[in-house]
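Count residues from 1 along the sequence. Counting starts at 1 for both ligands and their atoms, in listed order. Owing to the predicted nature of the structure, the values given are computational and were not obtained by experimental measurement.
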Amino acid sequence: MASKIFVRPISIAFNAFRNYSSSSKLVDVSINDKTGIATVTMQRPPVNSLNYELLIELNGAFQDLGSKKIKGAILTSSLKTIFSAGLDILEMYKPKPERANAFWTSLQDTWITIFNTPYPTVAAINGHSPAGGCLLSLACEYRVMVNNYTIGLNETKLGIVAPFWFVASMKNTISNRESELALTSGRLYKTDEAFKVGLVDETAENKEDALAKAEKFFSRFDAVNPIARFLTKQELRGKIVKVGRKTFIYKIFRKFQICMMTRI
Ligand SMILES: CC/C=C\C/C=C\CCCC/C=C/C(=O)SCCNC(=O)CCNC(=O)[C@H](O)C(C)(C)COP(=O)(O)OP(=O)(O)OC[C@H]1O[C@@H](n2cnc3c(N)ncnc32)[C@H](O)[C@@H]1OP(=O)(O)O
């Protein structure tokens, strides 16, 4: 694991990004050759619910960007009013155990990839972003959200328990106290409320405004050594990933979830 972590930022320095664009069915990736900023767009109508296939494509997109010399990546949605509706409910309804296992693994891998990117990341949240949608945005380093939508970890309202790495992601962004209040009540914040507690860093009038603000975020690092930046990010985020990825508790929790899901 350590070798992967240390090799990546060095390798990106030797790769060009110019004229890169790739579009699969569920995720579009484009890199602006003037700014060096990548935009990863989820495009799974009607609500960008996160199924196995979308997660695999998202994970692949963010991993691939690690081998390109980009300034940063923006995660957004092609849909007019939805960033992501969170996990696809159909993945959790009477799944086959193998599919359930692959699904949960793809969710966690995608979270780890985005949480850990060597390059800076921003979520341009251009629509509602409950539960797993909120998790994706929390994996990014900065969040800009368009006004009048909702965001939060609302799992308890659905009668389900947010995995502890969802909780850890929230606590990495807002205070422990606010996380407790939010998660236990399953609170969905409106954009301005989310801004007040720091769940989002900036608000925006519309998607274009959100993208412009997201792009501006990356200029903070113009005079910062990218390797020093990445190692510092790892110092801050590494423990959370370790807990999420490796612990015995996680394995038990996943077995428990899959067991629950296959019995519903
Ligand atoms: C059951 C699990 C049991 C055990 C597992 C144990 C633990 C696991 C915990 C894991 C943590 C969970 C994380 C999650 O992400 S769970 C998903 C949470 N998501 C939500 O609560 C969002 C629900 N959706 C909405 O609030 C609205 O749909 C939304 C996103 C605001 C959009 O509203 P609107 O524009 O009015 O659109 P519609 O509501 O009409 O929806 C259009 C269409 O999309 C379908 N849909 C919506 N959300 C989902 C979804 N998450 N998965 C799949 N499909 C979804 C909706 O049914 C409509 O479909 P239709 O065919 O009727 O057009």
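Near N154, the atoms of ligand 1 lying under 4.0 angstrom from a non-hydrogen atom of the residue are 21 (O). With ligand atoms numbered from 1 in the order given, ligand 1 contributes 9 (C) to contacts under 4.0 Å with heavy atoms of V161. Atoms of ligand 1 found under 4.0 Å from any heavy atom of S49 (numbered from 1 in listed order, with element): 50 (C), 52 (N), 53 (C). Interface of P46 with ligand 1, defined as ligand atoms under 4.0 Å from a residue heavy atom, comprises 43 (C), 44 (O). Short contacts between ligand 1 and G86, defined as distances under 4.0 Å to a heavy atom of the residue, involve ligand atoms 15 (O). Atoms of ligand 1 lying under 4.0 Å from at least one heavy atom of A131, given by number and element, are 13 (C), 14 (C), 15 (O), 18 (C). With ligand atoms numbered from 1 in the order given, ligand 1 contributes 52 (N), 53 (C) to contacts under 4.0 Å with heavy atoms of D88. Near M92, with a cut-off below 4.0 Å to any heavy atom, the atoms of ligand 1 are 2 (C), 16 (S).
Here I82 has side-chain heavy atoms under 4.0 Å from ligand 1, and that is the only part of it that gets that close. If you look at L158 next to ligand 1, the close heavy atoms, those under 4.0 Å, all belong to the side chain. Only the side chain of W104 comes within contact range of ligand 1, with a heavy atom under 4.0 Å; no backbone atom does.
Put simply, part of V47 is less than 4.0 Å from ligand 1, judged by heavy atoms. Heavy atoms of A162 come nearer than 4.0 angstrom to ligand 1 in no pair at all.
To the nearest 0.5 angstrom, I125 atom CD1 is 8.5 Å from L75 atom CG. Put simply, CZ on F83 and OH on Y149 are 13.0 Å apart, with the number rounded to the nearest 0.5 Å. To the nearest 0.5 angstrom, T117 atom OG1 is 9.0 Å from L65 atom CG. Rounding to the nearest 0.5 Å places CG of L87 at 4.5 Å from CE of M92. With rounding to the nearest 0.5 angstrom, the CE atom of M42 is 11.0 Å from the CD1 atom of I82.
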Set out, in order, the CA-CA distance, both residues' side-chain angles and the distance that settles side-chain hydrogen bond (donor to acceptor under 3.5 Å, both in side chains) for Y189 and E178, then state yes or no. CA-CA 12 Å; Y189 296 83; E178 188 67 32; 2.7 Å; yes
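Among T81, I89, L136, the residue whose heavy atom sits closest to atom 50 (C) of ligand 1 is I89. Within the set K94, K157, E155, the minimum heavy-atom distance to atom 11 (C) of ligand 1 is found for E155.
In terms of polar-atom proximity, defined here as any N/O pair under 3.5 Å, L87 does make such a contact with ligand 1. Residue G132 places at least one N or O, backbone or side chain, under 3.5 Å from an N or O of ligand 1. Between A85 and ligand 1, an N or O atom pair is found at a separation short of 3.5 Å.
A salt bridge links E141 to R229: at least one charged side-chain nitrogen sits closer than 4.0 Å to a carboxylate oxygen. A salt bridge is absent between D64 and K68; no separation between the charged side-chain nitrogens and carboxylate oxygens falls under 4.0 Å. A salt bridge links R99 to E53: one of the charged nitrogens lies within less than 4.0 Å of a carboxylate oxygen.
Taking the six-membered ring wherever Trp is involved, the centroid distance between the rings of Y52 and F103 does not fall below 6.0 Å.
Y119 and F62 have parallel rings, their planes meeting at less than 30° on a 0 to 90° scale where 60° marks the start of perpendicular.
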